[in-house]
Amino acid sequence: MRQHIRLFQEKLSSKMFLRTLVLIFLTLFFCTGAEDKSRLYRRPSCVGMSVTQACPLNYSPVCGSDGVTYPNECSLCVHRLEKNADIMIVVDGPC
């Protein structure tokens with residue numbers, strides 16, 4: 001009877017080891033692709049701007065990190081100031 005218990009314990013511990021190993025592998029696999037994308041974004045040049053800033057009417061669209069296409073960088077800056085939000089430029093051009 002003791003031999004059966006020992007065999008059962010060995011099987012159980014090897015299964016636990018394999019499960020732990022698989023869990024570690026899956027965690028590493030899914031976390032490897034996770035990166036901080038904010039380093040890839042560009043901070044808009046909003047120095048000296050105010051909420052009441054009048055922006056030029058030129059159409060030079062920028063895509064904000066909030067998923068909104070702004071007509072130009074100035075418009076994005078004014079929106080940042082109005083909402084007190086840290087919106088970055090994802091790409092020059094529409095979203």
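The minimum heavy-atom distance between V78 and C55, with the atom names listed, is CG2-SG, 3.7 Å. Of all heavy-atom pairs between L76 and I87, the closest is CD2-O, 3.9 Å. Here the shortest heavy-atom pairing between C63 and P94 reads CB-C, 4.1 Å. Between M49 and C74, the closest heavy-atom pair is CE-SG, 3.2 Å. Across all their heavy atoms, S45 and C77 have their closest contact at O-SG, 3.6 Å. Between R43 and D86 the shortest heavy-atom distance is NH1-OD1, 3.0 Å.
Within 6.0 Å of CG on N84 lie no more than 12 heavy atoms contributed by other residues, nucleotides or ligands.
A distance of 13.5 Å separates OG of S75 from CZ of R80, quoted to the nearest 0.5 Å. To the nearest 0.5 angstrom, D66 atom CG is 11.0 Å from K83 atom NZ.
Placement of V91 and Y70 in two distinct hydrophobic clusters is found when ILVMFWY residues are connected by side-chain heavy-atom separations under 4.5 Å, directly or transitively.
Judged purely by atom type and a 3.5 angstrom limit, E73 has no side-chain atom pairing as donor or acceptor with the backbone of V62. The backbone N or O of N72 sits nowhere less than 3.5 Å from a side-chain atom of S60 that would complete a donor-acceptor pair.
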